[in-house]
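To keep things clear, I will list the structure first and then write my remarks on it.
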Amino acid sequence: ETKPSNLRDIPWITLKEHKMEPESMRKVQRDKLAQSLVQLVFGNAGDGKTHYIKSQLKQCPSSCTISVNEAFTPLGAIKKLRRLAYDKPDGAIFFNFTLLPPGGNNFPLHNLIENLESEDKQTAEHTLYRRLIEVIGWFFFDLLILGYVEDRDTGLSFRLPGGLDWVIYVEVPSRDLTMTPEEMLEQFCGDIPTLGLLGSPHKIPNEIPFLIDEEVQLVCKYLKAHKEKRIDRLYKVDQLVMFSSDPIITEEECLKLLDEFMPRHIRTRKITQR
């Protein structure tokens, strides 16, 4: 047992209760995290969230990508983080969230509980999901609030270096096609409060056109050949396959092809990815 502190009787020491508004608290936490900026990239499925983040990573001298899914462990994340160059500024970390909440056969851990009864299966799904979210939530708390994360079993650790202005990109998963991007962001931040507190939302509007680079040009040539039924499936491996006789497809035509063929496929497949 301990008795009250003697400092209570010293007249020049006064105790004050400070109350902070949520926005003020957010500012204090961001000041503590001055060495990095957390950007929450959100939008509809297929709007180009991953493409935007990868284009930003290309501009960074040092970066790493960490998948946050059913196989996520703090140890695996720490091992990847330790490969980053501590002495280089403008580094970047990309956390690619693909973990979806329970519901239907698309739940990533569905195969582990497929033999259970319906009610037991639903309970098990939510239990597994909450355990994963708890592990992920504490990982981000340690990394972004404390600036230090450690694996309890091995002792392997990682500390965010100070003064290097690193950027942390977090791709908010597109969970439900019936929800707006803002609703999905709110739900995501409710699951991972640390990211909701420190993250700066960056929305990818669906009206932003594709960046027509060489890779997109190749896709559009294939789509054009597919549309005109000119794809020859019988070809030799050692020969160059030409999907289109046009050397370059105009940007306007590329956008029309992408708009015609891509959205339905992306919106139905991205939301069911594992």
Side-chain angles (χ1 to χ4, degrees), residues 22-69 72 74 77-78 80-81 83-86 88-100 133 136-149 158-175 179-211 266 270 273:
E23 187 59 34
S24 300
M25 186 180 299
R26 183 191 297 267
K27 183 179 184 302
V28 170
Q29 296 297 342
R30 282 182 177 167
D31 289 342
K32 290 182 179 180
L33 200 66
Q35 72 269 27
S36 63
L37 171 67
V38 183
Q39 192 171 120
L40 303 180
V41 182
F42 72 106
N44 286 307
D47 282 347
K49 299 186 294 294
T50 306
H51 182 80
Y52 163 77
I53 295 175
K54 288 185 176 181
S55 67
Q56 300 300 309
L57 295 182
K58 290 180 180 179
Q59 305 174 29
C60 300
S62 178
S63 66
C64 76
T65 299
I66 298 175
S67 297
V68 184
N69 51 30
F72 175 86
I78 290 171
K80 286 193 173 183
L81 290 170
R83 298 172 190 167
L84 288 169
Y86 274 79
K88 291 185 179 180
D90 302 323
I93 307 170
F94 172 26
F95 288 100
N96 184 16
F97 272 80
T98 57
L99 179 63
L100 300 176
I133 288 297
I136 294 168
W138 279 113
F139 171 82
F140 279 104
F141 177 86
D142 292 344
L143 179 67
L144 302 181
I145 299 294
L146 305 180
Y148 174 84
V149 60
F158 173 81
R159 184 184 301 277
L160 276 174
L164 294 184
D165 296 325
W166 282 15
V167 181
I168 298 174
Y169 296 99
V170 178
E171 181 175 346
V172 178
S174 301
R175 302 182 170 197
M179 299 172 64
T180 66
E182 288 73 18
E183 289 172 339
M184 289 186 283
L185 175 64
E186 182 179 2
Q187 188 181 76
F188 176 77
C189 292
D191 283 344
I192 316 291
T194 301
L195 294 178
L197 178 66
L198 300 179
S200 298
H202 180 89
K203 184 178 181 181
I204 306 296
N206 55 15
E207 62 267 15
I208 291 182
F210 287 88
L211 175 65
I266 291 177
K270 285 279 286 186
Q273 62 184 336

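In this chain, numbering begins with 1 at the start of the sequence shown.
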May I have the step-by-step check of side-chain contact (heavy atoms from CB on, under 4.5 Å) for Val167 and Gln56, ending in yes or no? CA-CA 10 Å; Val167 181; Gln56 300 300 309; over 6 Å; no
Nearest heavy-atom pair of [X] and [Y]: which atoms, and what distance?
X	Y	result
Pro173	Met184	O-SD, 4.2 Å
Ala92	Leu57	CB-CD2, 3.6 Å
Asp191	Ile133	O-CG2, 3.4 Å
Leu84	Ser62	CD2-OG, 3.4 Å
Leu40	Leu195	CD1-O, 3.5 Å
Phe42	Pro201	CE2-CB, 3.7 Å

Using 30° and 60° as the class limits, which term best fits the ring planes of Tyr169 and Tyr52: parallel, tilted or perpendicular?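 Correct class here is perpendicular.
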Going by the angle between their ring planes, with limits at 30° and 60°, are Phe97 and Phe140 parallel, tilted or perpendicular?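 Judged by the thresholds at 30° and 60°, the geometry between Phe97 and Phe140 is parallel.
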For the residue pair [X] and [Y], establish whether any side-chain heavy-atom pair is separated by less than 4.5 Å.
X	Y	answer
Lys203	Pro181	yes
Phe94	Ser63	no
Ile145	Leu198	yes
Ile66	Leu81	yes
Ile53	Asn96	no
Ile192	Phe95	no

Heavy-atom count check: over 12 atoms from other residues, nucleotides or ligands less than 6.0 Å from Glu182 CD?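 Yes, because the 6.0 Å sphere around CD of Glu182 holds more than 12 heavy atoms from other groups.
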Evaluate Phe72 against Leu99 for side-chain contact (heavy atoms from CB on, under 4.5 Å), listing each step before the verdict. CA-CA 9 Å; Phe72 175 86; Leu99 179 63; over 6 Å; no
How long is the span from the [atom1] atom in [X] to the [atom2] atom in [Y], to the nearest 0.5 Å?
X	Y	atom1	atom2	value
Thr180	Glu186	OG1	CD	8.5 Å
Lys80	Ile93	NZ	CD1	12.0 Å
Ile136	Thr194	CD1	OG1	12.0 Å

Verify side-chain contact (heavy atoms from CB on, under 4.5 Å) between Phe139 and Val68, making sure each step is shown before the conclusion. CA-CA 11 Å; Phe139 171 82; Val68 184; over 6 Å; no
Donor-acceptor pair, Lys49 side chain versus Asn44 backbone, under 3.5 Å?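 Looks like yes, one N/O pair under 3.5 Å.
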